[in-house]
Undergrad: 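One structure coming up, written as structure tokens, with questions to follow.
These numbers were taken from a predicted model, which means no experiment stands behind them. Letters A, B, ... are given to chains in the order of the sequence lines, protein chains preceding strands, and every chain is numbered from 1. Computed from heavy atoms alone, side chains included, the values below leave out hydrogens, waters and symmetry copies.
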Amino acid sequence: MDYNKLAELLLPNTTMTREDVFAKFPKRNLKEGAQVTRMAPSPTGFIHLGNLYSALADERIAHLSNGIFYLRIEDTDLKRKVEGAVDTIINVMKYFGIEFDEGAGQEQNSHNTYGPYFQRQRVEYYHVFAKELIKKGLAYPCFCTEEDNNSLREAQQRENATPGYYGKWAKCRNLTLEEIEENLKSGKQWVLRLKSPGDENKEITIEDKIMGKISFPENVHDIVILKSDGVPTYHFAHVVDDNLMGTTLVIRGNEWLSSVPTHFQLNQVLGFKQLKYAHTAHLMKMENGGKRKLSKRKDPELSLDFYRRDGYHPYTVKIYLLTLLNSNFEEWHDRNGDKDINEFPFSVKKMSQSGALFDLQKFHDICKKEFSKMTLEEVYSFLENWTKEYDKEHYQIYFGNREYMEQVLTLCMGLNQKRRRKDFAYAKQIMASLSYFFDDTFVPATQYPYDNETVKAVLTKYLETYDEKDDNSQWFSKVKVLAEELGFTTDMKAYKKEPEKFKGSVAQVSEIIRIAVTGLSNTPDLCTICQIIGKDIMKERIVNTINSL
RNA sequence: GGCCCGGUGGUCAAGUGGUCAAGACACCGCCCUUUCACGGCGGUAACACGGGUUCAAAUCCCGUCCGGGUCACCA
């Protein structure tokens, strides 16, 4: 077979040579040890926690080594394309503190020289290498239709053979040049397949940066490398691009592990240096007592929108991901609270081989801890931005008066205390807990833990003695006096020992007041709440309560 | 089903031949306390199973079981 003729027949318009291509993609000029990593999503625009998880690993590896982290869009499948996806991806990543040095969306940068970063715009390059393979007799056109492939599968099932297009099953493998010309002339669609030189009895071994040494049988499948529209499949595009673009470490999900033999072989036949890989474990979720991969359809916590909508601080998401990524991060972070997390010596080797379960409780704990380290200024602006975007109707109510809101936050988040409160994990939760500070959102209680007469008596006496100038201890002394007058004990120890001996304790008295003023039985310091909302509002709420009984 | 990966408390995990098998989250108890938190102290709880190798095995080997991934003109 005249392979040169075949090559011209199949790809007549490809005139560039391998050398021409290499001239456009020279070896990167980087310092010793600098790593080049990439995020390579398809342009659906849907970025989930798993993407962020592995992108964070990419970003850390690149930046810790003074290397490059770039964005390449794998748009070889038109069905996956969504308008505006690239901007979405870039914005989402930015929101979570991950920025690209190079790639799609960075076209204004002068050093953005390994593009185009959209695979559809690189078709001419793939064709150069495809044509080379044809010339070497390592690739051939396949005219099989979908039906052909279906019946192939059925036949293989009947014979209990491994499914796939390979060896003796590969019908188009040995077509003559004449047959091919004939098919082409009659306008039949074709794909380009690799003529796999693999031997299933031989093994290849790779050293995965996370998994370690792994051996596989060689690939024997004549995989499609160019689809009928001339666009490459993932496998082919990946191998060509990561070589041309100088990726030093391909970090990708576990689901790719089994195609390593294919990629290894592609590298080999193309005469490239083998790529280095790090296959990351998936984020898992517990369900019905078993672990399973997080699914974007079923699990809202996988969608990054979820974190934005509920107002999780992006920094806390990053911290959580980092603790999953490198188990020694948490300890490091605790010990080096003053250091920028980017100083953490992130390592691929420390990444787990098995899938971590997404643990909402653990995540919340981290959120609370991180919130407790933020300044009033940080907390305020974060909440303000969140409310502006996700709770518009309450924005004016909550943020109309900055000084007031600052007082509220200072109290509720314990900002003026040595030990901060750690009640809150996300904005939605915080804002919901603040409603009683605002008349528009205050919801009076309908139930009291005591009979109406007692409640009335407590509230009436409380109003009589209340003085807004009292400090906390003065205020509480008065509550105590009031409690005793009404037959409640202030001896908490005695009360706890034998509660049945008393009508109740000062704790209940406080509770009654608390409920009347806030509508809730659990709140931060009551005295301060009364000071913040002011005597008038406090009085109004109490009077309304008395009247309603 | 073939191939590949994994399996330490409920969860995330240290661990690479000798430890009473760390730590964190969750849970429980006690203390602090006007509620809720915070904080302090303490506690329950694990090497999937069976065989080897070895003076010694969570760690090395084999088998079993369980979980996951993958077998497209999708990535």
Undergrad: Show me the protein contacts with nucleotides 72-74 of chain B, counting only N or O atoms at under 3.5 Å.
TA:
{"residue": "B/C73", "atom": "O2", "partner": "A/Ser228", "partner atom": "N", "Å": "3.0"}
{"residue": "B/C73", "atom": "O2", "partner": "A/Ser228", "partner atom": "OG", "Å": "3.0"}
{"residue": "B/C73", "atom": "N3", "partner": "A/Ser228", "partner atom": "OG", "Å": "3.3"}
{"residue": "B/C74", "atom": "OP2", "partner": "A/Lys227", "partner atom": "NZ", "Å": "3.0"}
{"residue": "B/C74", "atom": "O2'", "partner": "A/Asp77", "partner atom": "OD2", "Å": "3.1"}
{"residue": "B/C74", "atom": "O2'", "partner": "A/Arg80", "partner atom": "NE", "Å": "3.1"}
{"residue": "B/C74", "atom": "O2", "partner": "A/Arg80", "partner atom": "NH2", "Å": "2.6"}

Undergrad: Taking the P atom in each of B/A26 and B/A21, what is the distance between them to the nearest angstrom?
TA: 25 Å
Undergrad: In whole angstrom, give me the gap between the C1' atoms of B/G1 and B/A58.
TA: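 Pairwise C1' distance, B/G1 against B/A58, rounds to 32 Å.
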Undergrad: Measure the distance from CD on A/Glu159 to C1' on B/G1 and round it to the nearest whole Å.
TA: 16 Å
Undergrad: Output yes when at least one side-chain N/O atom of A/Ser327 is less than 4.0 Å from OP1 or OP2 of B/C12, else no.
TA: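 Answer is no, no contact under 4.0 Å.
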Undergrad: When the ring planes of A/Tyr166 and A/His221 are compared, do they come out parallel, tilted or perpendicular, using 30° and 60° as the limits?
TA: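 The arrangement is perpendicular - the two ring planes meet at more than 60°.
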Undergrad: B/C47 and B/G9: how far apart are their C1' atoms, nearest whole angstrom?
TA: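 After rounding to an integer number of Å, I get 10 Å for this pair.
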Undergrad: For A/Asp525 and for A/Thr162, locate the closest nucleotide of RNA chain B by heavy-atom distance; then report the residue assigned to the nucleotide nearer the 5' terminus.
TA: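 First, find each residue's nearest nucleotide; the 5'-ward one identifies A/Thr162.
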Undergrad: Is the distance from OP1 or OP2 of B/A13 to the nearest side-chain N or O of A/Ser352 less than 4.0 Å?
TA: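 Yes, such a contact exists.
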Undergrad: Once rounded to the nearest 0.5 Å, what's the spacing between atom CG of A/Leu192 and atom CD1 of A/Ile225?
TA: 4.5 Å
Undergrad: Across the strands shown, which category fits A/Phe476 at heavy-atom distances under 4.0 angstrom: base, sugar-phosphate, nothing?
TA: base
Undergrad: Can you tell me, in whole Å, how much space there is between the P of B/U11 and that of B/A46?
TA: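 These two P atoms come out 12 Å apart once rounded.
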Undergrad: Take A/Arg120 and A/Asp229 through the salt bridge (charged side-chain N to carboxylate O under 4.0 Å, His left out) test and state the conclusion after the steps.
TA: CA-CA 11 Å; A/Arg120 282 212 160 239; A/Asp229 59 357; 3.5 Å; yes
Undergrad: Please tell me whether A/Asn326 and A/Lys350 have a donor and an acceptor in their side chains that are separated by less than 3.5 angstrom.
TA: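 Per modelled atom types, A/Asn326 and A/Lys350 side chains form no pair under 3.5 Å.
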Undergrad: Show me the dot-bracket string of RNA chain B, counting Watson-Crick or G-U pairs under 3.5 Å, with | for pairs to another strand and [ ] for crossing ones.
TA: ((((((((.[[[..)..(....]]].(((((.......)))))....[[[[[..)....]]]]])))))))....
Undergrad: Does anything in residues 194-205 of chain A reach RNA chain B, meaning a heavy atom under 4.0 Å, and if so which residues?
TA: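 Within residues 194-205 of chain A, no residue comes under 4.0 Å of RNA chain B.
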Undergrad: Classify the nucleic acid contact of A/Ser215 as base, sugar-phosphate or nothing, counting any heavy atom under 4.0 Å across all strands shown.
TA: sugar-phosphate
Undergrad: Salt bridge or not for A/Asp77 and A/Lys79, using N-O below 4.0 Å?
TA: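 Salt bridge between A/Asp77 and A/Lys79, a charged N being under 4.0 Å from a carboxylate O: yes.
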Undergrad: Whole angstroms only, please: what is the CZ-P distance between A/Phe329 and B/A14?
TA: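 After rounding, the reported distance stands at 15 Å.
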Undergrad: Ignoring hydrogens and geometry beyond distance, is a side-chain donor-acceptor pair present between A/Ser505 and A/Thr489 at under 3.5 Å?
TA: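 Their side chains do not contain a donor-acceptor pair, so the 3.5 Å distance test is not met.
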Undergrad: Whole angstroms only, please: what is the CD-P distance between A/Gln417 and B/C36?
TA: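 My rounded result for the distance is 16 Å.
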Undergrad: Once you round it to whole Å, what is the distance between P of B/U35 and CZ of A/Phe488?
TA: 15 Å
Undergrad: Considering only atom P, compute the distance from B/A48 to B/A14 and round it to an integer number of Å.
TA: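 Approximately 15 Å lies between the P atom of B/A48 and that of B/A14.
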Undergrad: Can you tell which of B/C36, B/A75, B/U34 lies closest to the side chain of A/Asp423?
TA: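 Looking only at heavy atoms from C-beta outward on A/Asp423, the closest nucleotide is B/C36.
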Undergrad: What residue among A/Val517, A/Val408, A/Thr528 forms side-chain contact (heavy atoms from CB on, under 4.5 Å) with A/Ile533?
TA: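 Exactly one pass, corresponding to A/Val517.
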Undergrad: Check if the side chain of A/Ser258 and the base of B/U70 share a donor-acceptor pair of N or O atoms closer than 3.5 Å.
TA: no
Undergrad: Choose from B/C36, B/C4, B/U35 the nucleotide whose nearest atom is closest to any side-chain atom of A/Leu257.
TA: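 That would be B/C4.
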Undergrad: Going 5' to 3' along nucleotides 22-33 of chain B, which nucleotides have protein heavy atoms under 4.0 Å from the base (write B), which only from the sugar-phosphate (write S), and which from neither (write -)?
TA: --BSS-----SB
Undergrad: Other residues, nucleotides and ligands only: do more than 12 of their heavy atoms fall within 6.0 Å of NZ on A/Lys318?
TA: yes
Undergrad: So, A/Asp241 versus A/Tyr126: side-chain donor-acceptor pair below 3.5 Å or not?
TA: yes
Undergrad: One pair to check against salt bridge (charged side-chain N to carboxylate O under 4.0 Å, His left out): A/Arg514 and A/Glu511. What are the steps and the verdict?
TA: CA-CA 5 Å; A/Arg514 173 172 280 115; A/Glu511 191 182 14; over 6 Å; no
Undergrad: Rounding to an integer number of Å, can you tell me how far A/Asn219 CG sits from B/C4 P?
TA: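 Rounded to whole Å, this separation is 14 Å.
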Undergrad: Which residues satisfy the ring-ring contact (aromatic ring centres under 6.0 Å, His included) test with A/Phe363, sequence neighbours excluded?
TA: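 Per chain and number, A/Phe363 pairs via ring-ring contact (aromatic ring centres under 6.0 Å, His included) with A/Tyr307, A/Tyr312, A/Tyr320.
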Undergrad: If I take atom CZ in residue A/Arg419 and atom C1' in nucleotide B/G39, what distance separates them, rounded to the nearest angstrom?
TA: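 That distance rounds to 5 Å.
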Undergrad: Mind checking the P distance from B/A13 to B/G18? Whole angstroms is fine.
TA: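 Per the computed distance, 23 Å lies between those P atoms.
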Undergrad: Nearest whole angstrom, please: distance from the P of B/U70 to the CG of A/Asp208.
TA: 16 Å
Undergrad: From A/Ser352 OG over to A/Leu324 CG, what is the distance, rounded to the nearest 0.5 angstrom?
TA: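 Reported value, rounded in 0.5 Å steps: 9.0 Å.
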Undergrad: Using the six-membered ring wherever Trp is involved, compare the ring planes of A/Tyr315 and A/His313 and label them parallel, tilted or perpendicular (cut-offs 30° and 60°).
TA: perpendicular
Undergrad: Distance between the C1' atoms of B/A56 and B/G17, in whole angstroms?
TA: 7 Å
Undergrad: Roughly how far apart, to the nearest Å, are B/U59 and B/G15 at atom C1'?
TA: 8 Å
Undergrad: Nearest of B/G15, B/C36, B/G39 to any side-chain atom of A/Lys422?
TA: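 When the side chain of A/Lys422 is considered, B/G39 is the closest of B/G15, B/C36, B/G39.
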Undergrad: Report which part of the nucleic acid A/Asn472 touches: base, sugar-phosphate, or nothing (heavy-atom distance under 4.0 Å, all strands).
TA: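 The answer is base, as A/Asn472 lies within the cut-off (heavy atoms under 4.0 Å) of a base atom.
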Undergrad: If the plane angle is over 60° it's perpendicular, under 30° parallel, otherwise tilted; pick one for A/Phe329 and A/His333.
TA: parallel
Undergrad: Identify, with sequence neighbours excluded, every residue that meets salt bridge (Lys or Arg N to Asp or Glu O under 4.0 Å) alongside A/Lys368.
TA: none
Undergrad: Report the nucleotide, chosen from B/C36, B/U35, B/C4, that has the shortest atom-to-atom distance to any side-chain atom of A/Arg514.
TA: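 The listed nucleotide nearest to A/Arg514's side chain is B/U35.
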Undergrad: Which word best sums up how the rings of A/His263 and A/Trp256 line up, parallel for under 30°, tilted for 30 to 60°, or perpendicular for over 60°?
TA: tilted
Undergrad: Whole angstrom is fine here: how far is it from CG in A/Leu152 over to P in B/C71?
TA: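 After rounding, the reported distance stands at 16 Å.
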